[in-house]
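Notes to accompany the following structure.
Throughout, residue positions are numbered sequentially from 1 according to the sequence presented.
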Amino acid sequence: YSLELCGGTHVDRTGDIGLCVVLGDSASSAGIRRIEALTGTAALEYLNEQAKNISAVAQAIKAQPTDVVERVSTLISERKSLQNEVAQLRRELAMAGGGSAPSERSGKSVNGTQFVAHVLTGVSGKDLPTLIDTHKAQIGSGVVLLIADTGAKAAIAVGVTDDLTEKFSAVDILRAAVTELGGKGGGGRRDLAQGGSPDAVNANAAIAAAEKILEG
């Protein structure tokens with residue numbers, strides 16, 4: 001197999017190629033790798049452009065070019081930490097009832113079963129399972145329905161405490177609610193199920209559909 005690098009046009013010696021910058025490699029076919037590189041003037045122009053980009057980044061983050069990698073790594077870590085903090089604050093706000101729409105119904109008994117339902121803003125679908133577990137722990141026994149109105153779409157989650165999973169399935173309740181919201185499907189387990197819909201406009205109807213199942 002061949003080990004030499006061709007600079008485009010075949011040359012008499014590798015020294016004729018001059019400066020060479022490898023851009024990357026990929027698989028062109030089974031067992032064959034394709035290496036892409038710039039040579040000569042094109043390679044020099046590429047390196048100059050990269051140097052300008054590094055200088056611009058260094059200026060933007062207020063660091064020396066030699067410290068760019070370390071500074072960017074620090075900024076990424078700080079960003080992740082702030083994202084986690086914001087997510088936690090949103091969950092705490094949701095648990096406190098902040099951002100709930102006027103349509104929310106909370107803490108009522110339906111045919112002897114404690115039922116908690118909230119329409120939330122400021123949280124995403126991935127926040128709902130944690131919120132469901134927290135609500136279940138607070139009520140001890142019952143069913144929880146949470147609808148996260150994210151603006152463009154809505155996320156729905158239903159939780160059933162362990163003592164009621166023989167009587168109610170979170171999947172059945174979820175699908176009834178999702179249907180009223182104009183969504184399709186959704187699934188999970190008897191104690192926790194999730195789904196989605198185009199929006200949360202019909203939240204009242206979704207909550208009412210869940211209550212109907214609890215009524216039997």
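Between Asp199 and Leu181, every side-chain heavy-atom pair lies at or beyond the 4.5 Å cut-off. Between Leu120 and Ile147 the shortest side-chain heavy-atom distance does not fall below 4.5 Å. Between Pro129 and Ile132 the shortest side-chain heavy-atom distance does not fall below 4.5 Å. Looking at Glu45 and Thr41, their side chains come closer than 4.5 Å, going by heavy atoms from C-beta outward. You'll find the side chain of His135 reaches within 4.5 Å of the side chain of Leu146, heavy atoms only. Counting only heavy atoms from C-beta outward, the side chains of His118 and Leu131 never approach each other to under 4.5 Å. When side chains are defined from C-beta on, Thr74 does not count as touching Ser77, because their heavy atoms never get closer than 4.5 Å. Counting heavy atoms from C-beta on, the side chains of Val143 and Val158 come closer than 4.5 Å.
Heavy atoms from other residues, nucleotides or ligands lying under 6.0 Å from CZ of Arg33 number more than 12. Atom CD of Gln59 has 12 or fewer neighbouring heavy atoms from other residues, nucleotides or ligands inside a 6.0 Å radius. Annotation: Gln50, atom CD; neighbour count of heavy atoms from other residues, nucleotides and ligands within 6.0 Å is above 12. The number of heavy-atom neighbours closer than 6.0 Å to CD of Gln83, taken from other residues, nucleotides and ligands shown, is above 12.
Residue Leu145 holds its CG atom at 5.0 Å from CZ of Phe115, rounded to the nearest 0.5 Å. Between Leu47 atom CG and Lys52 atom NZ the span is 12.5 Å, to the nearest 0.5 Å. Here the CG atom belonging to Leu174 is positioned 9.5 Å from the CD1 atom belonging to Ile213, to the nearest 0.5 angstrom. Distance check, rounded to the nearest 0.5 Å: CD1 of Ile32 to OG of Ser26 gives 11.5 Å. Rounded to the nearest 0.5 Å, atoms CZ (Phe168) and CG (Leu214) are 5.0 Å apart. The structure places CG of Leu164 at 4.0 Å from OG of Ser141, a figure rounded to the nearest 0.5 Å.
Grouping the Ile, Leu, Val, Met, Phe, Trp and Tyr side chains by contacts below 4.5 angstrom, directly or via other members, places Ile76 apart from Leu82. If you chain together hydrophobic residues whose side chains sit under 4.5 Å apart, Val160 and Val110 fall into the same group. Both Leu44 and Tyr46 belong to a common hydrophobic cluster when Ile, Leu, Val, Met, Phe, Trp and Tyr are linked at side-chain heavy-atom distances under 4.5 angstrom.
Under the side-chain hydrogen bond (donor to acceptor under 3.5 Å, both in side chains) criterion, the residue pairs touching residues 168-195 are Arg189-Asp191, with sequence neighbours excluded.
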>> As a quick check of understanding, evaluate side-chain contact (heavy atoms from CB on, under 4.5 Å) for Cys20 and Leu38, giving each step before the final call.
In response: CA-CA 6 Å; Cys20 177; Leu38 296 174; over 6 Å; no
> Should Glu78 and Lys80 be marked as a salt bridge (Lys or Arg N to Asp or Glu O under 4.0 Å) after you check the CA-CA gap, both sets of side-chain angles, and the distance that decides it?
Replying inline: CA-CA 5 Å; Glu78 291 176 354; Lys80 289 181 178 179; over 6 Å; no
>> Between Thr121 and Asp149, does the side-chain hydrogen bond (donor to acceptor under 3.5 Å, both in side chains) criterion hold? Intermediate values first, please.
In response: CA-CA 5 Å; Thr121 58; Asp149 186 356; over 6 Å; no
> Could you go step by step and tell me if Arg71 and Gln64 meet the side-chain contact (heavy atoms from CB on, under 4.5 Å) rule?
Replying inline: CA-CA 9 Å; Arg71 179 58 176 155; Gln64 294 297 318; over 6 Å; no
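With hydrogens and angles left out, the side-chain atoms of Asn111 and Thr113 include no donor and acceptor closer than 3.5 Å. Defined by atom type and a distance below 3.5 Å, a donor-acceptor pair is present between the side-chain atoms of Ser124 and Asp127.
The two residues Gly195 and Val178 come nearest to each other via the heavy atoms CA-CG2, 4.4 Å.
The only option from Val68, Thr66, Val69 that meets the side-chain contact (heavy atoms from CB on, under 4.5 Å) definition with Ile54 turns out to be Val68.
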